[in-house]
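Numbered from 1 within each chain, the chains take letters A, B, ... in sequence-line order.
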Amino acid sequence: MSLNDLSFPHRHLLGIEGLSPQEIGLILDLSDSYVQTNRQREKKLATLRGRTLINLFFETSTRTRISFELAGKRLGADVINISVASSSIKKGETLIDTAMTLNAMQPDVLAIRHGDSGAVKLLSEKVDCAVVNAGDGSHEHPTQALLDALTIRRRKGRLQGLTVAICGDVRHSRVARSNIYLLNAVGARVRVVAPPTLLPSAIERLGVEVFHDMRRGLDGCDIVMMLRLQRERMQGTFVPSVREYFHFWGLDYAKLAYAKPDALIMHPGPMNRGVEIDSVLADDIDRSVIREQVEMGVAVRMACLDLLTRAPGEARNRPASAEAGRLRSGEGR
Amino acid sequence: MTRKVAYLNARLIDPTSGLDAPGGLLTEDGKIAGLGPRLFNAGIPEGAERIDCGGAVLAPGLIDMRVQLCEPGEEHKEDILSASRAAVAGGVTAIVALPDTHPPIDDVALVEFIARRAREAKLVKVFCHAAVTRGLAGLEITEIGLLQEAGALAFTDGRHAVASAAVMARALTYAQGFNALIMQHPEEPSLATGDMNAGEMATRLGLSGIRAEAELVMLERDLTLAAMTGGRYHAAHVSTAAAIARIRRAKAEGQPVTCDTAPHYFALNELAVGDWRTFAKVSPPLRSEEDRQAVVAGLADGTIDVIASDHSPQDQDSKRLPFAQAAPGIIGLETLLPLTLELVEQGKLTLIAALDRLTRRPAELLGLKLGKLAVGTPADLLLFDPGRAWQVDASRFRSKSKNTPFDGRPLQGRVLRTVVDGRSVFDADAASD
């Protein structure tokens, strides 16, 4: 069965938790094909022609919003971006009212980012179209985990059996949670490495091994995933200072030496150079796949938009047969 | 002309006297004139109205010592009349308002306002607690003596904890001169900044967690201050195993501490938050299953003195929000009795012990001459069928707000009639549903 014939059994993509390994595999396979599309001179498809994607961002974002926008445009959809500065949200009614208003304009997909955990789920219950969670509070950021998985799979050829260390502000990180769910689902071993103040309670119950020491946490790892530490958490609230944080938990060559020699470095961006990651290391193309993650992001979001707009049980009707040919060669690089 | 009502064929239960027997009860001019198994053996007094109880339980009306009335200030959520209607439908004959209103009940004028509005509503007995600090700000103590004279039953900053140890010590010391009760929301505020109970569930939902220890830390401090000052201290809505164990120990050591809990702390645990269900957001938060079981055990062995609904109405606009932004609170007047009866059904409490936590204990604690079946006391009565099954339908609640996580829950125990001062203020047969 071709990837184009498969439908996705979920109306929305609100999180990785609850997705089966097969469903994750399907998204990654389809994403692979879109990586090829994106590397061509002619990138525009007609898959979502006549469909409307609205990017509704209640939290500032550059890369995720642009990534969704490009994904929608490359699939031929009409894309509208709405950024609602959180200060102008009069909370409550306005949030749901905004969703209801947009819903009345008959979009096909809403990609929503919101600063509160669960807000995207709440909005998804009020609209008729598909909803992609583009990050909600400290809950989930599913497309980030998928693009991370795609990056790893293309580099390492597999996900199963790899040891992945997720390092930094796990407590507040939706990226960490989505990655923990995904990596556990596909059979990778997950570690979290952070100062105790940056770990949420009972994190071990999510199926991770907990480390407070970077050297021990990175020992023998295949993948080192760094998380962004938000500025307001650096000055004595959760960690005493930037320099102390970098000294113990910032990734540099000395700490990286404990990981496997071919371990890859990832970061969801935007990076705080000199806080969680050494600046030179971040740019080391032999080790860092940070820019590749950005590339994979567009492909993954194309795959998600494609799958969520497929009618259940109905094969995608491709406009050009040439594209169907392109669509299988994506493995490896 | 005197007005007499004869309640025939009842199962009389009175926690104060330990009575649990079939019999009858006579009210005369709003007071209990007689009761007992053989009361009507010589016939029913002439001119008395007859009410056949059909074997249902006739007990003292419930006393709910923690109710948010939302009046003055938030009458769109609830007011004294709507709360009174909810109370009588739930078998509650006396409610005690918490002072977190706008403005807060921190002045004699407010106490008198509540009393006047209650007289106008004329359904249940409405009492109030007064703030322990002006404006609930936690800084300066209120006029405890004058407020008590005006009728305030206890002193509390409601859903705000008195955070300063110095202020709490002063309040306990000063209140002692009036034998006034200080009631605390026992949560160390600097530790209680999250949205739900800390643990796996909070971590999965991406919500910031409140550790159970936030309750214990404040309780430990307050028990130390209460011992130091000799003041009367009551911990509201205890929710954690650790706090209950600590209170058990304090009581065993002879410290005059008391506490209450609310039905949601023994009927639900943190899993009720589910997919960010804001109707299950409450302060303190719903806890772990171990904590829930400890609350049940605390009720069973008497460590927890009182069950109060902690009725906290919130309108849709306060709840239809992302979880972190939603207001905490659960309405409880109409589910107080049946949720408590679940414990009886489960064999955790005897029926008379359950009623004790809802009648005699709160009356005793607050110095009310209510909550018992005794000749000469006000005829505040509750008639209910403990076996009658029903299902919660929040849309039919009398409260203006419908914020209950129990909607759809099958329950047992239906209020048939509520009587205040001898007057039927609720009759299930006559009620619209």
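- Residue-environment remark: CD (A:Q230) exceeds the threshold of 12 foreign heavy atoms within 6.0 Å.
- Separating the OG atom in A:S201 from the CD1 atom in B:I210 is a distance of 11.0 Å, to the nearest 0.5 Å.
- Rounding to the nearest 0.5 Å gives a distance of 9.0 Å between CG of A:D116 and CG of B:L321.
- In terms of heavy-atom pairs under 4.5 angstrom with chain B, the leader among A:A119, A:G118, A:G137, A:A202 is A:G118.
- From A:L95, atom CG reaches atom CZ of B:R320 across 10.0 Å, with rounding to the nearest 0.5 Å.
- Looking only at side-chain heavy atoms (C-beta outward), A:Y181 and B:R204 come within less than 4.5 Å of each other.
- Of the two parts of A:R174, neither the backbone nor the side chain holds a non-hydrogen atom closer than 4.5 Å to a non-hydrogen atom of chain B.
- If you measure heavy-atom distances from A:E17 to chain B, the contacts under 4.5 Å come from the side chain alone.
- Chain A forms the most heavy-atom pairs under 4.5 Å with one residue out of B:A198, B:S208, B:G199, and that residue is B:G199.
- Results of the side-chain contact (heavy atoms from CB on, under 4.5 Å) test with B:T203 over A:L206, A:I180, A:L199 single out A:L206 as the only residue that passes.
- Taking a 6.0 Å sphere around NZ of A:K126, one finds it holds more than 12 heavy atoms contributed by other residues, nucleotides or ligands.
- Atom CZ of A:R63 has more than 12 heavy atoms from other residues, nucleotides or ligands within 6.0 Å.
- By the 4.5 Å heavy-atom criterion applied to side chains, B:W276 and A:S117 are counted as neighbours.
- Within 6.0 Å of the CZ atom in A:R216, the count of heavy atoms belonging to other residues, nucleotides or ligands does not exceed 12.
- The number of heavy atoms from other shown groups lying within 6.0 Å of CZ (B:R409) is above 12.
- Heavy-atom distances place both the backbone and the side chain of B:L207 under 4.5 Å from chain A.
- The CD atom of B:E200 sits 9.5 Å away from atom CD1 of A:I203, with the distance rounded to the nearest 0.5 Å.
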